[in-house]
Amino acid sequence: MVAQIDLQNCLEWAQNNGAFIDPKISFKITQEAGVSAFVNENFSPRPDQALVRVPEVLLITSQQALSEFPQAVSEKNLLSSVTQLYLSKLKFGPDAVHLKSFYKPYLDVLPLNLPQPYFWCTDEVVNLHGTDVYLTMRDTLNKLAEEWRQLFQALSIEHAAQDKQFLSLFQGSGKSAVVPLEQFCAHINLHKPEASEWNSFAAYLWSHCIFNSRAFPRIILNRADTDSTNLNEGFLYPIVDFLNHKNDVPVKWVMNEDNELCFMSQSATFSAQEELFNNYGNISNEKCLLNYGFWDSSNKYDFSRLTLKLPSALPKSIPVDFNKSGNSVNDDGNTTILQFNLKPSEPIPSTLLALFTYLSKLKCEEAPTVRSALQGVDQLSSVVSQRQLFYKNFKLKTSSNQNLRPHIIKLIKLYYQDNKKILNSTIEKLSVLQKRIFNANKEFSLSFKTIFKNEKTFANSLLLIFGAIKYEDLITKDCVNDALLLWIVKSVNDKTSKQDSFIKQTFKEVSDSIVIEKEDVTQFLSFYKKYFPNLSEKYQRSTTSAIGG
Ligand SMILES: C[S@@+](CC[C@H](N)C(=O)[O-])C[C@H]1O[C@@H](n2cnc3c(N)ncnc32)[C@H](O)[C@@H]1O
């Protein structure tokens, strides 16, 4: 935790160098969020009233970084990484750099122990195994290590001695190999940034996370040389970066004619002791956790990610443009990976539903039908339920030799709980949708429950096979689909019945339009072995006893 005295020194340093902080604002250190800003008294700021003004000289930008690393001047694409490296050098460089730095009072307030999961201990990270956060962390660290390696090569800087073995993980394994997250954790656990040299990976990761959690985009500096290649390049904005985040809070950052970067709140009023927030962008909890190390269960921008891996390229005929509709698509020609964000406000994305309806279409169906829509909803519900089960069955893994920190346990539990909640609401909405489609097409539908009620002989046979006395028993015993398949087989083979002509007709249409592959046989072999031929004997017996009875 940052010391109060360091915070005070930093505020004085900023003010002594021309910064303005409205006297109605105080900065305090809180247990939950570190340095935070509060409004001292009831207050209604004007929308154009700058509550904080910071002269350009206090900002840490790529311009300062280039004066330290002039060899990077021609490497425009490296400027973000060079600025991060510059911060590592300011914070962890030899005393000659750190103590003499103009920015020292500010650097002393930048927290050393960061809450982002990149700095969790291995036993804590293990609890994220199988989640999207785990994969994102692994990919981010692999990318970052590669960026760090290339940057040092381009600037002809030597890596810290502590990273010798760590570097061999990348150099030996070839470019495409992915280094597992556990290897990164082991390295970062062993080499904490505060005990590392400025040119170490740990120091670079710390700097990267500082930029990720508190940098502002260059575009707000209004510089003439900002173009599409550097408009998102980050810079540090002391004092205003002490403000914590809240979604939907209206704020403005404006460069004035005196080259002061101004922070303006657009909120109409504040009560005494109310926290003064910044808005880092309306962000999901996944981003809050990865970039900032906190979680907000009331976050209305939260979502749970559903990742689907399709074993082939998407058919051209699919009526949804996934690229256009904002779902990320990764297509290597053989498999397609699609990601959908399930939000509390939109638990069933329309593109996801369209995909499942399309994929449930039979070859004999030219366009999606009520049947394919119902099957799509059913399949989607089972995919989401599987994922929901993953979150629901989560049990905290602890190891005897390392204590998990209580605030990290809290974050991990919230992650699982809130993902489970969102998926629950998707499953509930799918069930409502299924009923709605069914009810809208009632006159064309035949419910299996009705069949069960009307066909006594068939129902009796289900008692023998599954021990199901009533229809609901089929649901609790999870054998509705098997029972339905058996009824279709029975109906198609029943020479006496004329009633089921629709089933027979559809069966013929489907069987005429498909080629049965080896995989289809394998898929149903266990079903067949389980119920045939002794089933026909049971059915015969139950028919006889039904007649006899
Ligand atoms: C830009 S800094 C804000 C100043 C920070 N509190 C400090 O101590 O320097 C961003 C960091 O503040 C904390 N933070 C910001 N908003 C938060 C919130 N709503 N709840 C909890 N922590 C928050 C997180 O640690 C985050 O990484």
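Counting starts at 1 for both ligands and their atoms, following the listed order.
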Got a sec: does the NZ of K28 have more than 12 other heavy atoms crowding it under 6.0 Å?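 Atom NZ in K28 is crowded, with more than 12 foreign heavy atoms closer than 6.0 Å.
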Search all heavy atoms of V377 against all heavy atoms of L430 and return the closest pair with its distance.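 V377 and L430 have their closest heavy atoms at CG1-O, 3.5 Å.
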Only counting residues at least two apart or in another chain, list the ones meeting side-chain hydrogen bond (donor to acceptor under 3.5 Å, both in side chains) with D22.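 By the side-chain hydrogen bond (donor to acceptor under 3.5 Å, both in side chains) rule, D22 matches no residue at all.
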According to the interplanar angle, ranging from 0 to 90°, do the rings of F201 and F166 count as parallel (below 30°), tilted (30 to 60°) or perpendicular (above 60°)?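 Because their plane-to-plane angle lies in the 30° to 60° range, the rings of F201 and F166 count as tilted.
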Residues which pass side-chain contact (heavy atoms from CB on, under 4.5 Å) with S425, listed by chain and number, not counting sequence neighbours: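 Listed in chain order: P347.
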I'd like to check the side-chain contact (heavy atoms from CB on, under 4.5 Å) partners of A186; sequence neighbours left out, ordered by chain and number.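 With neighbours one apart ignored, the set is empty.
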Distances under 3.5 Å, N/O of ligand 1 against N/O of the protein: list each pair and its distance.
residue: ligand 1; atom: 6 (N); partner: A33; partner atom: O; Å: 2.5
residue: ligand 1; atom: 6 (N); partner: V35; partner atom: O; Å: 2.7
residue: ligand 1; atom: 6 (N); partner: N244; partner atom: OD1; Å: 2.8
residue: ligand 1; atom: 8 (O); partner: V35; partner atom: N; Å: 2.8
residue: ligand 1; atom: 9 (O); partner: R214; partner atom: NH1; Å: 3.0
residue: ligand 1; atom: 9 (O); partner: R214; partner atom: NH2; Å: 3.1
residue: ligand 1; atom: 12 (O); partner: N244; partner atom: OD1; Å: 3.3
residue: ligand 1; atom: 14 (N); partner: N244; partner atom: OD1; Å: 3.3
residue: ligand 1; atom: 16 (N); partner: H245; partner atom: N; Å: 2.9
residue: ligand 1; atom: 19 (N); partner: H245; partner atom: O; Å: 3.0
residue: ligand 1; atom: 25 (O); partner: Y292; partner atom: O; Å: 3.4
residue: ligand 1; atom: 27 (O); partner: Y292; partner atom: O; Å: 2.8

